[in-house]
Amino acid sequence: MTATPSERTDAAPGPAATPPSWQGQQGAPTRFILLRHGQTALSVERRYSGRGNPELTEEGRRQARAAADRVAREGSIAAIVTSPLSRTRSTAEEVAARTGVEIVEHAGLIETDFGEWEGLTFAEAAARDPETHRAWLSDITLPPPGGESFAQVADRIVDTKNELLKRYSGQTVVLVSHVTPIKSMLRDALGVGPELLFRLHLDLASVSIAEFFGDGGSVVRLVNDAAHWRS
């Protein structure tokens, strides 16, 4: 007797079956579109800009509008979650205007607290605290004077990620943030060491994409796309 298709152990899966990803994960991931804010006066002068609150420049607003158009092409955005600082909030508002999606603020996405180095250039901070600044460039556990270490930021980002994964499971969410939080999220998704923080460059108004699966797996699909405002 010939077995029916339903009885065959080698039968092809039906149309409802979802194949695993190339990394082996099952199910729909939660997709984080990681958007860095646009230009400010401090970024023009390359000054440490952490908890200070500079506004976007006119160029920064142009970058944010271009980034909003880029992000909108991803489609099916469930939420826009932003750091509460003005430069990120203004960037998020451009995305909201383009997509019609509501903005939610989350303090976990705020930039590193650079403490007494806030507003200083690299050279000024190095001249002010030469030994501390030199060590800080390779030690993620060392904070700037009166500030926050990169290790503390990483812990904060893991907590924020886990909270957002529960809230927006299986959905696409735009996270509007800053250099260190975005690098920390990418580092977590890649499962790599702290060297990434010192070797990865992120442009203003750049887009990166990380996906997190329910089984604990994760992939990074895009890093530092800034072509939308450079062209």
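FYI, side chains are in, hydrogens and waters are out, and symmetry mates aren't considered; it's all heavy atoms of this structure.
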Do [X] and [Y] make a side-chain contact, defined as non-hydrogen atoms from C-beta onward lying under 4.5 Å apart?
X: W117; Y: T132; answer: yes
X: T99; Y: I80; answer: yes
X: S90; Y: E55; answer: yes
X: P181; Y: I110; answer: no

Does one hydrophobic cluster hold both [X] and [Y], with members joined at side-chain heavy-atom distances below 4.5 Å?
X: V95; Y: L109; result: no
X: I103; Y: V173; result: no
X: V71; Y: V220; result: no
X: Y168; Y: V219; result: no
X: F198; Y: L142; result: yes

Residues [X] and [Y]: side-chain donor-acceptor under 3.5 angstrom:
X: S83; Y: H178; result: yes
X: T82; Y: E105; result: no
X: T180; Y: E111; result: yes

Has [X] got a side-chain atom pairing as donor or acceptor with [Y]'s backbone, closer than 3.5 angstrom?
X: Q63; Y: Q39; value: yes
X: T57; Y: A41; value: no
X: T172; Y: I77; value: no
X: T88; Y: L85; value: yes
X: K183; Y: L200; value: yes
X: S169; Y: K166; value: no
X: N162; Y: V158; value: yes
X: R187; Y: V192; value: yes
X: W229; Y: G60; value: no

Original post:
Under the side-chain contact (heavy atoms from CB on, under 4.5 Å) test, which residues partner R230, sequence neighbours left out?
Top reply: D203, A226
**OP:** Applying side-chain contact (heavy atoms from CB on, under 4.5 Å), name anything that partners T91, two or more places apart in sequence or on another chain.
**Re:** L35, H37, L56, A64, V176
Subject >> side chain to side chain contact (heavy atoms under 4.5 Å, CB included) evaluation trace for N224 with H201 >> reply: CA-CA 8 Å; N224 195 41; H201 175 78; 4.0 Å; yes
**OP:** Please lay out, stage by stage, how S208 and M185 fare under the test side chain to side chain contact (heavy atoms under 4.5 Å, CB included).
**Re:** CA-CA 10 Å; S208 302; M185 188 75 75; over 6 Å; no
Subject >> Worked check of side chain to side chain contact (heavy atoms under 4.5 Å, CB included) between R46 and T121 >> reply: CA-CA 6 Å; R46 297 189 179 181; T121 64; 6.0 Å; no
Original post:
Are the aromatic rings of W136 and F122 close, with centres under 6.0 Å apart?
Top reply: no
About how many Å separate [atom2] of [Y] and [atom1] of [X], when rounded to the nearest 0.5 Å?
X: I33; Y: L175; atom1: CD1; atom2: CG; answer: 9.0 Å
X: S177; Y: F32; atom1: OG; atom2: CZ; answer: 12.0 Å
X: L164; Y: F212; atom1: CG; atom2: CZ; answer: 10.0 Å
X: L204; Y: T40; atom1: CG; atom2: OG1; answer: 7.5 Å
X: I182; Y: S206; atom1: CD1; atom2: OG; answer: 6.0 Å
X: I157; Y: Q152; atom1: CD1; atom2: CD; answer: 13.0 Å

Subject >> Note: E163-R167 ion pair, threshold 4.0 Å (strictly below) >> reply: yes
Subject >> Ionic contact status for R156 with E148, cut-off 4.0 Å >> reply: yes
Original post:
When you look at CD of E131, are more than 12 heavy atoms from neighbouring residues, nucleotides or ligands closer to it than 6.0 Å?
Top reply: no
**OP:** Name the orientation class of the two ring planes belonging to F114 and F150 (parallel below 30°, tilted from 30 to 60°, perpendicular beyond 60°).
**Re:**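 F114 vs F150 ring planes: perpendicular.
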Original post:
Of R221, R31, R98, which is the lone residue that meets salt bridge (Lys or Arg N to Asp or Glu O under 4.0 Å) with E74?
Top reply: R31
[X] to [Y] - nearest heavy-atom pair and separation:
X: A205; Y: A67; result: O-CB, 3.9 Å
X: Y48; Y: L42; result: O-CD1, 4.4 Å
X: P145; Y: R128; result: CG-NH1, 4.1 Å
X: N53; Y: S86; result: OD1-N, 2.7 Å
X: A210; Y: L186; result: CB-CD2, 4.5 Å
X: E118; Y: R51; result: OE1-N, 3.5 Å

Subject >> Test salt bridge (charged side-chain N to carboxylate O under 4.0 Å, His left out) applied to E93 and R89, step by step >> reply: CA-CA 6 Å; E93 287 170 355; R89 176 79 195 197; 3.3 Å; yes
Original post:
Hey, mind stepping through V207 and L34 against side chain to side chain contact (heavy atoms under 4.5 Å, CB included) and telling me if it holds?
Top reply: CA-CA 6 Å; V207 174; L34 307 169; over 6 Å; no
